[in-house]
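Heavy atoms only: backbone and side chains are in, while hydrogens, waters and symmetry mates are out.
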Amino acid sequence: MKFDTPATRNPIDQLKVVGKPLDRIDGPLKTTGTAPYAYEQHQAAPNAAYGHVIGAGIAKGRIASMELEAARRAPGVLAIVTAANAGTLGKGNFNTAKLLGGPEIQHYHQAVALVVAETFEQARAAAGLVRIRYDSGRGAFDLAAAKDAAVVSEREQPDIAVGDFAGAFAAAPVQLDATYTTPDQSHAMMEPQASIAAWEGDKLTLWTSNQMIDWSRGDMARTLGIPKENVRLVSPYIGGGFGGKLFVRADAVLAALGARAAGRPVKVALPRPLIANNTTHRPATIQRIRIGAGQDGRITAIGHQSWSGDLPGGGIENATQQTRLLYAGANRMIQARLATLDLPEGNAMRAPGETPGLMALEIAMDEMAEKLGMDPVAFRILNDTQVDPEKPERPFSQRQLVQCLRTGAERFGWARRNANHGSVRDGRWLVGMGVAAGFRNNLVRTSAARVRLAADGAVTVETDMTDIGTGSYTIIGQTAAEVMGVPLDKVVVRLGDSDFPVSAGSGGQWGANSSTAGVYAACMKLRQTVAEKLGLNAEEAVFAQGKVSAGGRSTPLADAAQAGELVVEDTIEFGDLAKKFQQSTFAAHFVEVGVDIATGEPRIRRMLAVCAAGRILNPKQARSQVIGAMTMGIGGALSEELAVDKRLGFFVNHDLAGYEVAVHADVPHQEVIFLDETDDKSSPMKAKGVGELGLCGVSAAIANAIHNATGIRVRDYPVTLDKLIDRLPALA
């Protein structure tokens, strides 16, 4: 199915199943512990041996020698894999560093060996007997020090200039010129990167924790130098990803190599320190933002420059992308620069680009409102735009940012906010409110599905789409139930297997909208087949309550499959509507904080997110996505930082004791409002993504609330108490 004209009324608009706050159909499996995650595929891969990964002890240099004999003689050891005996390995399209290092070392904890043994304890003990001697080299580990040597990445983000930014900024009566920093951050998902590999002849099956099945199947084939059709990836349940499992990592490659060397299935899970130092992370940024405005508050010039770092061959953290579209302003300048660093590779983490970008931009907008003497909500509303500021002839398909801000302000009680910073007290707590806009582009990807109709009327959907805890099983089931006119309990959903048609996968906030659109396309094709089997006019046929009706006849749906199961496949392919209309999602985040006047400890009191993100396919699941994102925003604002050892080049706090994410005690009352919206330019579902939008802007709203509470402006995240305590108002 080609989607190249705006959607008209279709079966989804019935909203008998889609749009309802239904429980997750995979919920009972997960809450009872019977959903098998990657490391738990015991029945599928019996008699699996265990692999333990050895990570490099330096950040840059070479392996001078590696002594393996003591480890080989250790009890239970079956094989040891290193770059010296693994054979020729290629490099996938989606990893920057080699997934098995040696002799060259590209970053700290780069996997350099796998010890395979009968038990995990034997593998770990034997790994401790491996002796590696290194020749260390000089590395670059400090973004600030490497900033001046950073270069433009034309492939990812060429410089953008609209109008005369320099002239307009210099002439602006009110100006802001400020620099903000965001730190390196870890995905910190609960389930580690983990895989079980098994070979049958020259064919590999990999049970793994991965968000993008087809991407990773291709990269496994490229890395191992085997045909793609000889690789099967299975990933039905994923215990969190946040972008950290978009790509193949060392656990998958080493499990495959270990299984080949040992002649039996091998399972590998990365320990937490290797997850921080040997997978991807959100790179740190340095951002300079300049805004010029007239005395009336209208922005006349806006400039955003960002610096980030990565390994050679890596990419930028595009923190400037939201600034291109979020606010009006005739004169604009956008620049992104990439520095070469020898830290573990940077790559996608939930809402890459917009999350750190809004952490800076939305503080800058608050600072500018203060300079103008304007209310921060009113300032944002004044500078709204209904067209792409760089291409005014290109309108937004839907844009309800103003409605988000106004609805949120009313619901949150924004009118009670005291603009005099540090003036509201509740006992020992200084109390303040903050706001920030949220923005994330609506992305869509080609997505396919296979649909089966059985003789008992059951509908089975098969697609390699994944569920990273977002509810893919349920919304895909709802889509099939809606289109085929059956109850949800008559739909079986099978996901996460490369034997199924290739879907959009889970990432970039494109998964829900794209994958359900692919299922919609397949179900519409099945409707055509059913109508033909039953001798009905497909254009007139109504599918409802397990029956098909047309021309005065009503026939059970199951009758169409009495002669044999009906099976169809189809793919949703998107045309150029995204070029004609800017497709984005919007939010307004409101936060109230308290700051202890004696210790400087910030505490969140309440939070509100108002989201405009197309049709909400399942409000219960969407709310869960947003409150989870809001919680991640708390960590981003107040605690999350991968501390870099700038001498030795590694992340020091590489476990969940030292890397502090938000916990139950940090999470206050959270409220989520979804505005009524359908976007007919987006997909037949008229939906968009929402999971990443819920994070974008949250941290800035918290920082702005802290400023309102204390009068202290912190521009370097996280906003920890040491950045507040010396500047707090007097206790009296």
Hey, does the side chain of [X] reach the backbone of [Y] with a donor-acceptor pair shorter than 3.5 angstrom?
{"X": "Thr280", "Y": "Glu345", "value": "no"}
{"X": "Trp510", "Y": "Gly505", "value": "yes"}
{"X": "His187", "Y": "Arg350", "value": "no"}
{"X": "Tyr39", "Y": "Ala269", "value": "no"}
{"X": "Arg222", "Y": "Gly90", "value": "no"}
{"X": "Gln211", "Y": "Ile238", "value": "no"}
{"X": "Asp184", "Y": "Ala284", "value": "yes"}
{"X": "Asp251", "Y": "Thr208", "value": "no"}
{"X": "Asp464", "Y": "Ser498", "value": "no"}
{"X": "Asn441", "Y": "Leu443", "value": "no"}

request  = For Ser209 and Glu191, run side-chain hydrogen bond (donor to acceptor under 3.5 Å, both in side chains): C-alpha distance rounded to whole Å, both residues' side-chain angles, the deciding distance at 0.1 Å, then the answer.
outcome  = CA-CA 8 Å; Ser209 187; Glu191 181 199 22; 2.6 Å; yes
For the residue pair [X] and [Y], what are the closest heavy atoms and their distance?
{"X": "Thr466", "Y": "Ser472", "result": "O-OG, 2.9 Å"}
{"X": "Ile289", "Y": "Ala364", "result": "CG2-CB, 3.8 Å"}
{"X": "Ile702", "Y": "Ile634", "result": "CD1-CA, 3.7 Å"}
{"X": "Glu641", "Y": "Pro718", "result": "OE1-CD, 3.5 Å"}
{"X": "Thr355", "Y": "Leu695", "result": "OG1-CD2, 3.4 Å"}
{"X": "Asn95", "Y": "Lys98", "result": "ND2-CA, 4.3 Å"}

Answer yes or no: is there a side-chain heavy-atom contact under 4.5 Å between [X] and [Y]?
{"X": "Tyr717", "Y": "Ile363", "value": "yes"}
{"X": "Phe242", "Y": "Met632", "value": "yes"}
{"X": "Arg445", "Y": "Met212", "value": "yes"}
{"X": "Tyr108", "Y": "Asp645", "value": "no"}
{"X": "Arg217", "Y": "Lys228", "value": "yes"}
{"X": "Thr279", "Y": "Leu270", "value": "yes"}
{"X": "Met220", "Y": "Val253", "value": "yes"}
{"X": "Gln287", "Y": "Thr182", "value": "yes"}

Requested in this report: Could you give me the CA-CA distance, side-chain angles and deciding distance for Arg337 and Asp148, then say whether salt bridge (Lys or Arg N to Asp or Glu O under 4.0 Å) is met?
Outcome: CA-CA 9 Å; Arg337 295 291 182 267; Asp148 291 342; over 6 Å; no
Distance in Å, [X] [atom1] paired with [Y] [atom2], rounded so as to fall on 0.5 Å steps:
{"X": "Leu495", "Y": "Met465", "atom1": "CG", "atom2": "CE", "result": "7.5 Å"}
{"X": "Arg440", "Y": "Gln509", "atom1": "CZ", "atom2": "CD", "result": "6.0 Å"}
{"X": "Trp199", "Y": "Leu206", "atom1": "CH2", "atom2": "CG", "result": "9.5 Å"}
{"X": "Leu338", "Y": "Glu156", "atom1": "CG", "atom2": "CD", "result": "7.0 Å"}
{"X": "Leu233", "Y": "Ile213", "atom1": "CG", "atom2": "CD1", "result": "5.0 Å"}
{"X": "Ser306", "Y": "Asn318", "atom1": "OG", "atom2": "CG", "result": "7.5 Å"}

Q: Check step by step if salt bridge (Lys or Arg N to Asp or Glu O under 4.0 Å) holds for Glu40 and Lys267.
A: CA-CA 9 Å; Glu40 302 166 338; Lys267 60 195 310 183; over 6 Å; no
What I want to find out is whether Arg232 reaches Asp497 closely enough, with some N-O distance under 4.0 Å, to be called a salt bridge.
yes
Under 4.0 Å between a side-chain nitrogen and a carboxylate oxygen: does that hold for Asp219 and Lys91?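 Between Lys91 and Asp219 there is no salt bridge, as every charged N stays at least 4.0 Å from the carboxylate O atoms.
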Is it the case that atom NZ in Lys30 sees more than 12 heavy atoms from other parts of the structure closer than 6.0 Å?
yes
Donor-acceptor list for residues 71-79 side chains, cut-off 3.5 Å, not counting sequence neighbours:
residue: Arg72; atom: NH1; partner: Glu69; partner atom: OE2; Å: 2.8

- prompt: Applying the salt bridge (Lys or Arg N to Asp or Glu O under 4.0 Å) test to Asp342, which of Arg138, Lys60, Lys646 qualifies?
  reply: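 Single pass found, and it is Lys60.
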Original post:
Do Thr181 and Asp716 get their side chains close enough for a donor-acceptor pair, meaning under 3.5 Å?
Top reply: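 Side chains of Thr181 and Asp716: pair found under 3.5 Å.
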Exercise. Can you tell me if Lys203 and Asn230 form a side-chain donor-acceptor pair at under 3.5 Å?
Worked result: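 Asn230 and Lys203 do have a side-chain donor-acceptor pair below 3.5 Å.
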Under the side-chain hydrogen bond (donor to acceptor under 3.5 Å, both in side chains) criterion, do Gln106 and Thr96 qualify, and how do the steps go? CA-CA 10 Å; Gln106 296 169 280; Thr96 302; over 6 Å; no
Assess whether side-chain contact (heavy atoms from CB on, under 4.5 Å) is satisfied between Phe94 and Val248, documenting all intermediate values. CA-CA 8 Å; Phe94 297 102; Val248 165; over 6 Å; no
Over 60° means perpendicular and under 30° means parallel, so classify the ring planes of Trp215 and Phe247, tilted if in between.
parallel
- Can you say whether the rings of His281 and Phe651 are parallel (under 30°), tilted (30 to 60°) or perpendicular (over 60°)?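 Taking Phe651 first and then His281, their aromatic rings stand perpendicular (interplane angle over 60°).
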Pair Met349-Gln185, side-chain contact (heavy atoms from CB on, under 4.5 Å): steps then yes or no = CA-CA 8 Å; Met349 179 170 156; Gln185 294 178 334; 4.0 Å; yes
Inset, instruction - Show your reasoning for whether side-chain contact (heavy atoms from CB on, under 4.5 Å) applies to His107 and Asn278. - result: CA-CA 8 Å; His107 61 82; Asn278 189 54; 3.3 Å; yes
side-chain contact (heavy atoms from CB on, under 4.5 Å), that's the test. Do Leu114 and Ile54 meet it? Break it down for me. CA-CA 6 Å; Leu114 180 78; Ile54 299 175; over 6 Å; no
